[in-house]
Amino acid sequence: MMDDLPALMKKVSRITFFFLSMGCLGWVILPAYKTVFGGFLIGAIGSLLVAWHLAWKTVRIGDAASGGRRPRSGFGFLSRAALALLAAYVSVRLLEFNLPATVAGLIAAPMATLLLGILSRRRTGGNATDERGEKH
Amino acid sequence: MEIYGLLAAAIVFGLGALGAGIGNGLIFSKTVEGISRQPELRGALQTTAFIGVGLVEALPIISLVLAFIFMAQ
């Protein structure tokens, strides 16, 4: 059962780095599609930064909740949106890469998270939090 | 034509942010409630919240990028 957020983040980072390596390979093997692979690379880097920021915020909120404190800051959606926007701006405007490829790169880390979540659920047989023996 | 671009950007990002706001609020409120009730399940709840929020936030981030492009047109 996957109940360790740092371990999950390590797996998400590993899968996203795999996507990045595939993008680098495509950049080298197919030079005609450099704009597509470049956009995908920038988007995937942005999505990895967004995922790390989200994990950091989730841990902070969990710490505050378990300590009985009220979290002082929000969930940081604005920072994550700004990170994604920065990645899109650098990719499309400054480097003139492909926009759909950048958007595809931006959903690389969420897709990795979804994949790991589905695999984790399938491995544990459905309910991931029935640790108290409340099996039906 | 420019006004249509602005209108499209506003609708795309506004609706995306509305859905994400509702989804994030539900996920984090239940997570904080669960951690307060059972602090020993913090790891599992945090992981579930991370997976849920990661999926919920993918859509508004994409809509933000699309809005940015619509606005520039």
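Letters A, B, ... mirror the listed sequences (proteins, then strands); counts begin at 1.
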- Query: How many angstroms lie between OG1 in B:Thr47 and CG in A:Leu116, if you round to the nearest 0.5 Å?
  - Reply: 11.0 Å
- Gap between atom CG of B:Leu64 and atom CG of A:Leu85 - 0.5 Å precision: 5.0 Å
What part of [X] lies closer than 4.5 angstrom to a heavy atom of chain B: side chain, backbone, both or neither?
X: A:Met9; answer: side chain
X: A:Leu106; answer: side chain
X: A:Leu83; answer: neither

Are [Y] and [X] linked, directly or through intermediate hydrophobic residues, by side-chain heavy-atom contacts shorter than 4.5 Å (ILVMFWY only)?
X: B:Ile11; Y: B:Ile61; answer: no
X: B:Phe70; Y: B:Leu7; answer: no
X: B:Val32; Y: B:Ile22; answer: no
X: A:Leu86; Y: B:Phe68; answer: yes
X: A:Ile15; Y: A:Leu20; answer: yes

- Message: For A:Leu78, I'd like to know if atom CG has over 12 heavy atoms of other residues, nucleotides or ligands within 6.0 Å.
- Response: no
Return the minimal non-hydrogen interatomic distance between [X] and [Y], and the atom names on each side.
X: A:Thr58; Y: B:Ala49; value: CG2-CB, 4.4 Å
X: A:Phe77; Y: B:Pro60; value: CZ-CB, 3.8 Å
X: A:Ile107; Y: B:Ala58; value: CG2-CB, 4.4 Å
X: B:Ile35; Y: A:Ala65; value: CG2-CB, 4.0 Å
X: A:Ala88; Y: B:Val65; value: CB-CG1, 3.7 Å

- Item | Largest heavy-atom contact set with chain B, pairs under 4.5 Å, which of A:Gly62, A:Pro110, A:Ala109 | A:Gly62
- Message: Quick check: do A:Leu8 and B:Ile51 have side-chain heavy atoms less than 4.5 Å from each other?
- Response: yes
- Message: Is any side-chain heavy atom of B:Gln46 closer than 4.5 Å to one of A:Ile61?
- Response: no
- Query: Who in residues 23-50 of chain A is close to chain B, using a strict under-4.5 Å heavy-atom cut-off?
  - Reply: A:Val50
